[in-house]
Amino acid sequence: MKTLRNVKIGDTVKVIKLHGEGAVKRRIMDMGITKNVEIFVRKVAPLGDPIEITVRGYELSLRKADAEMIEVE
């Protein structure tokens, strides 16, 4: 399973599935990360956390733990 956490800088991926439960999954969906949406990985902080992405035309920073719940292709 490939997650958003494993994506290289500069790659664009498509969301297949959101893992996680309740409030955490809801928060990810509220940020615009839903099934079939494309995500561009812009930057990763020096220590790997957070990851900066572009989704639906806006920039967003995600923690590694949240990125791990987003399955991509």
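The shortest distance between side-chain heavy atoms of Ile53 and Ile33 falls below 4.5 Å. Annotation: side chain of Val37 is in contact with side chain of Arg56 (closest heavy-atom distance under 4.5 Å). With a 4.5 Å cut-off on side-chain heavy atoms, Met29 and Leu18 count as touching. Contact check for Ile28 versus Met69: side-chain heavy atoms found under the 4.5 Å cut-off. Put simply, the side chain of Lys8 does not reach to within 4.5 Å of the side chain of Val44, judged on heavy atoms. The shortest distance between side-chain heavy atoms of Glu59 and Arg42 falls below 4.5 Å.
Summarising the geometry, atom OG1 belonging to Thr54 is positioned 10.0 Å from atom NZ belonging to Lys43; distances are rounded to the nearest 0.5 Å. In this structure, NZ on Lys25 lies 12.5 Å from CG on Asp30, to the nearest 0.5 angstrom. Annotation: the span from Ile39 atom CD1 to Leu62 atom CG amounts to 7.5 Å, rounded to 0.5 Å.
A salt bridge links Asp66 and Arg63; the closest N-O separation between the charged side-chain nitrogens and carboxylate oxygens is under 4.0 Å.
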message: Is there a side-chain contact (heavy atoms from CB on, under 4.5 Å) between Glu68 and Leu4? Walk through the geometry before answering.
response: CA-CA 6 Å; Glu68 192 75 49; Leu4 188 58; over 6 Å; no
field: Intermediate values then yes/no, side-chain contact (heavy atoms from CB on, under 4.5 Å), Val15 and Asn36
entry: CA-CA 5 Å; Val15 176; Asn36 293 325; over 6 Å; no
- request: Please report the C-alpha distance between Val72 and Ile16 in whole Å, then the side-chain angles of each, then the deciding distance to 0.1 Å, and finally whether the side-chain contact (heavy atoms from CB on, under 4.5 Å) criterion is met.
  value: CA-CA 5 Å; Val72 296; Ile16 296 174; 5.6 Å; no
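Of the candidates Ile9, Val13, Thr12, Val7, Phe40 forms a side chain to side chain contact (heavy atoms under 4.5 Å, CB included) with just one, namely Thr12.
Under the side-chain contact (heavy atoms from CB on, under 4.5 Å) criterion, Lys17 pairs with His19, Glu71, not counting sequence neighbours. Take Glu38 and apply the salt bridge (Lys or Arg N to Asp or Glu O under 4.0 Å) test, not counting sequence neighbours, and it matches no residue.
Across all non-hydrogen atoms, the minimal contact from Thr3 to Met1 is CG2-CE, 3.6 Å.
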